[in-house]
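For reference, the structure is listed below as C-alpha cells.
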Amino acid sequence: MVASGLNGTFGTPFAWMPDSTALIAYTVPANRGPAPVAGDTPTGPVVQESAGRSSAARTYEDLLGDAQDEALFDHYFTGQLVRIALSGAARPIGAPGLITEFSVSPDGRYLLTERLKRPYSYLLPARYFPTEIAVATIDGQRVRTLVDRPLADDLPVDFDAAVKGPREAMWRSDAPATLVWAEALDGGNPRAKVAFHDVVKMQAAPFEAAPVDLAMTPARYATTFWGDDGFAMVVDREWRSRTEHRLAVAPARPGQARTLLTRNYQDQYGDPGRPVVESNAAGKPVMRFTPDHKAVYVTGDGATKAGAFPFLATLPLTGGEQTRLWSAKPPYYETVVAMLDDTGQRILTRRESAKLAPNYVVRSVRGGSAKPVTAFADPAPVFAGVTQRTITYPRADGLALSGSLYLPAGYDAKRDGPLPTLLWAYPAEFTDAKVAGQTVDQGNRFVRPRGISHLFLLTQGYAILDNPAMPIIGEGGTEANDTYVKQLQQNAQAAVDAVVKLGVADRTRMAVGGHSYGAFMTANLLAHTDLFRAGIARSGAYNRTLTPFGFQAEQRTYWQATRPIPK
C-alpha cells in the first residue's frame, strides 16, 4: 500500500493520463501517522529575522504563526504522487513533498511539478515560500530543474509584482512535450520603465537545447491560448491602467509577436470575448479553428446598455474585426456552452430569462430553431412573484449608475406605499469614467436567492436594491482612494434618491449592507452620511493602519497615500 486516500489540500488532487489508461493522484502518504500535538511547555519565543534587509509586505490572514503551525502544515499538506492504473494497481512517483501543482505532458512522457520547501514564512502566504519547479519522467526520474527559488519576501507591494526567474510553468497544449514559462524583464517591479515587462519562453523535450523566446509582453503575462504551430494568443494585463494586450504568435516562428488588440479590460461594452477552446486528443485545451483555418471562434457576454446578449463570432488570425455568427435575442440570456459542428451552425446553449429557469438548448444558428435538451423547473417558485428590474439614475457629477431593484411578490406601490429598503453593494475602482458609467440591464437574468443571500429579506416585506453601482474613479494622475469617501457619498445619495423617487422606498427606513470591501463601504456610509438607519457590515476590515502596505485595489502604502490635514 502506497497511500491512504486523496490529498486535496492544494486543490484538485488527480489528473488523467492523456491516453486515459491511468490516473496521477496526489495522495496522503501511507505512513503519515497522527497529527502532531503541541507541547504544554513553551520552547521559547517566536523569532523572525529580516537578514539585514527591509521590504514592504501586505497584510494577510491565516498565516503560519509558530513551529506547531509549521508541523501541522507539513503533516496535512505533504502528499505522495501516485500512478494508479485502471486495475487499481498503484505505484509511487518520486518522493513525498508539498506539491502544489502537477501536470502531465500531452504525450504522457513527462511530469511537471511545483514543490514548496523550507524555510517557511510567518508573514507571507504559502505561494511565496521557497519553490522548486521541475520536470521528471512519468516514472519520477528527474530530467530538468527549471527553478529553485528562495523565499519571495522582497517583492514590491504592487499587484503586478512578480518573482524573479521562471514562474507560471505549463505545458504547451498543442505540442507533445514543450515546457512554457514566463520571466520578468523588470526585476519583478511593474513600476520599472521598460518596453517589455515579461518574456514567455519555450523549451521542447528532451530539454537539452536552449530555451527560445516565444514573445515579450508590454505588461505582466496573464495566459496563453494555444492553437497550433501557426497561431497562439498571448495575453497580458496591467493593473494600474486596467490595460490588456492580446498578441498573436506563431510558435513555429518564436519572437515575432504582433498585437491583435489593446483594451481596458473593465470595458464591458467593448469586450471582444475569449477564444472557444476544446480538449484535444491529449485532453489539453486548444482553440477551435474555422474549417478554412483562417480564423478562430470566440464567444463573449455581449454586454450592452439594453442587456447582455452572449454571442458566437469568428476572429481572423490576421486580426481585424470579428464576424458575428449568432447573438442571443431578448428576452433571453443565452450563453454558448459548446459547438456541435465545425462551422458554428449547431451550438449547445444555456438559456434563461427573467421568468424561465436555465435550461440547455441545441440551436440551429442558420435556421433559428431551438430544441430543448433539459427541462429543469424553478428551484424556488415561492420567488416567482418577486419583481425585478434594472433602474438607472445619475450621480451628482452626471455619471450614469444602475442597480437591480427587487420588490416583494404581490407588492403594489400605490396600494402599499414605500417599503423599508436595503441597498446591498460592493465598491469597484476604475481608471476611466466612461467605463465606470457603463450600465447593463439585468432584466433577462433568472435570479433565485440561495445560501445567506440578502434577497431572502424580500419574503419579509423589504425592497432590495441589489448591486447599486459604487464606482470609485481615479483619473488624470489621481488615485481612486484620493476621493473615496466623497464618491461613496455621491453614489449612495444617488441610489437612495432614485428608489425614493420611484415611490417604493421610505427615506426614513433605509439600510445598507455589504460583504468584505462592501462591509468597509457600509461602515464609511454609516459614519459619513445620514442616509441610513442601519447597516450590515459582514466580514470587513475597517482600520487601515492595520493594512499599511496596500489594501483592496490600493497599491500605495499608508505613507504614500497621505493627504494634507485641512486647516
Side-chain angles (χ1 to χ4, degrees), residues 56 58 155-164 167-168 182-200 215-225 233-249 257-274 300-301 303 319 395 397 399-401 426-440 469-484 486-488 491 517 547 549-563:
R58 288 180 173 270
L155 298 183
V157 296
D158 302 72
F159 289 108
D160 288 333
V163 296
K164 299 179 180 68
R167 69 178 201 279
E168 298 182 56
E183 291 188 32
L185 296 174
D186 53 15
N189 182 5
R191 294 178 183 266
K193 303 300 182 183
V194 294
F196 299 98
H197 286 269
D198 271 350
V199 60
V200 183
M216 292 191 290
T217 60
R220 191 65 73 214
Y221 170 74
T223 192
T224 298
F225 294 96
M233 185 186 297
V234 174
V235 182
D236 73 12
R237 284 190 166 190
E238 181 184 69
W239 170 261
R240 178 177 295 277
S241 64
R242 312 300 199 272
T243 298
E244 174 185 278
H245 303 94
R246 298 189 184 184
L247 310 176
V249 296
R258 52 188 173 83
T259 302
L260 290 172
L261 64 84
T262 300
R263 63 181 295 265
N264 183 319
Y265 60 75
Q266 290 182 309
D267 176 10
Q268 299 180 83
Y269 294 171
D271 185 357
R274 294 165 65 88
D301 206 39
R395 201 165 77 170
D397 58 3
L399 186 72
L401 303 178
Y426 193 93
E429 289 86 351
F430 294 87
T431 59
D432 186 330
K434 291 181 180 179
V435 172
Q438 291 178 345
T439 64
V440 180
M470 293 284 174
I472 313 295
I473 306 164
E475 288 184 311
T478 65
E479 295 287 345
N481 282 310
D482 292 344
T483 54
Y484 174 83
K486 178 182 178 181
Q487 293 193 61
L488 202 61
N491 295 331
Y517 199 37
T547 55
F549 294 107
F551 66 93
Q552 199 66 22
E554 178 59 72
Q555 297 192 108
R556 295 171 298 179
T557 69
Y558 191 72
W559 300 274
Q560 292 171 332
T562 58
R563 62 179 181 178

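Along the sequence shown, residues are numbered consecutively beginning with 1.
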Let's go through D432 and R242 carefully: what are the C-alpha distance in whole Å and the side-chain angles of both, what is the deciding distance for salt bridge (Lys or Arg N to Asp or Glu O under 4.0 Å) to 0.1 Å, and is it a yes or a no? CA-CA 9 Å; D432 186 330; R242 312 300 199 272; over 6 Å; no
Show your working on side chain to side chain contact (heavy atoms under 4.5 Å, CB included) between T223 and E168 and close with a plain yes or no. CA-CA 9 Å; T223 192; E168 298 182 56; over 6 Å; no
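Between W239 and A553, the shortest heavy-atom distance links the atoms CZ2-CB, 3.3 Å. Nearest heavy-atom pair across A215 and A257 is CB-CB, 4.0 Å. Taking every heavy atom of both residues into account, R258 and G319 meet most closely at NH1-N, 4.1 Å. In this structure, L401 and A469 approach most closely via the heavy-atom pair CD2-CB, 3.9 Å. Counting all heavy atoms, side chain and backbone alike, A219 lies closest to D236 at N-OD2, 2.7 Å. T431 approaches S241 most closely through the heavy-atom pair OG1-O, 3.5 Å.
With 3.5 Å as the limit, one finds no donor-acceptor pair spanning the side chains of Y484 and E554.
Using modelled atom types, one side-chain atom of Q555 and one backbone atom of F159 make a donor-acceptor pair closer than 3.5 Å. Judged by distance alone, the side chain of D186 and the main-chain N or O of R191 form no donor-acceptor pair under 3.5 Å. No side-chain donor-acceptor contact under 3.5 Å links D267 to the backbone of V435. Remark: side-chain polar atoms of E475 are paired, donor with acceptor, to backbone N or O of A433 under 3.5 angstrom. In this structure a side-chain-to-backbone donor-acceptor pair under 3.5 Å is missing from D158 to D160. Proximity of a side-chain donor or acceptor of Y221 to a complementary backbone N or O of E183 within less than 3.5 Å is not detected. The backbone N or O of Q268 lies less than 3.5 Å from a partner atom in the side chain of Q438, making a donor-acceptor pair. Not a single donor-acceptor pair under 3.5 Å links the side chain of D198 to the backbone N or O of T217.
Side-chain contact between I473 and T478: absent, with no pair of heavy atoms (C-beta onward) separated by less than 4.5 Å. Here the side chains of P471 and R395 are in contact, with some heavy-atom distance below 4.5 Å. Under the 4.5 Å side-chain criterion, counting only non-hydrogen atoms from C-beta, F225 is not in contact with R246. Residues F551 and N481 form a side-chain contact, since some pair of their non-hydrogen atoms from C-beta on lies under 4.5 Å apart. No side-chain heavy atom of M470 sits less than 4.5 Å from a side-chain heavy atom of Y517. Residues E479 and R240 have side chains in contact (heavy-atom distance under 4.5 Å, counting atoms from C-beta outward). Within the 4.5 Å cutoff, the side chain of R220 has heavy atoms near those of the P190 side chain.
The CG atom of D482 sits 11.5 Å away from atom CD1 of I472, with the distance rounded to the nearest 0.5 Å. Annotation: the span from K434 atom NZ to Q266 atom CD amounts to 15.5 Å, rounded to 0.5 Å. Within the model, atoms NE2 of H245 and OH of Y265 stand 12.0 Å from one another, a figure rounded to the nearest 0.5 Å. How far OH of Y269 is from CG of N264: 14.0 Å, rounded to the nearest 0.5 Å.
Residues F549 and W559 place their aromatic rings such that the two centres sit under 6.0 Å apart.
More than 12 heavy-atom neighbours from other residues, nucleotides or ligands sit within 6.0 angstrom of CZ on R556. No more than 12 heavy atoms of other residues, nucleotides or ligands lie within 6.0 Å of CE in M216, so this atom counts as exposed by the packing criterion.
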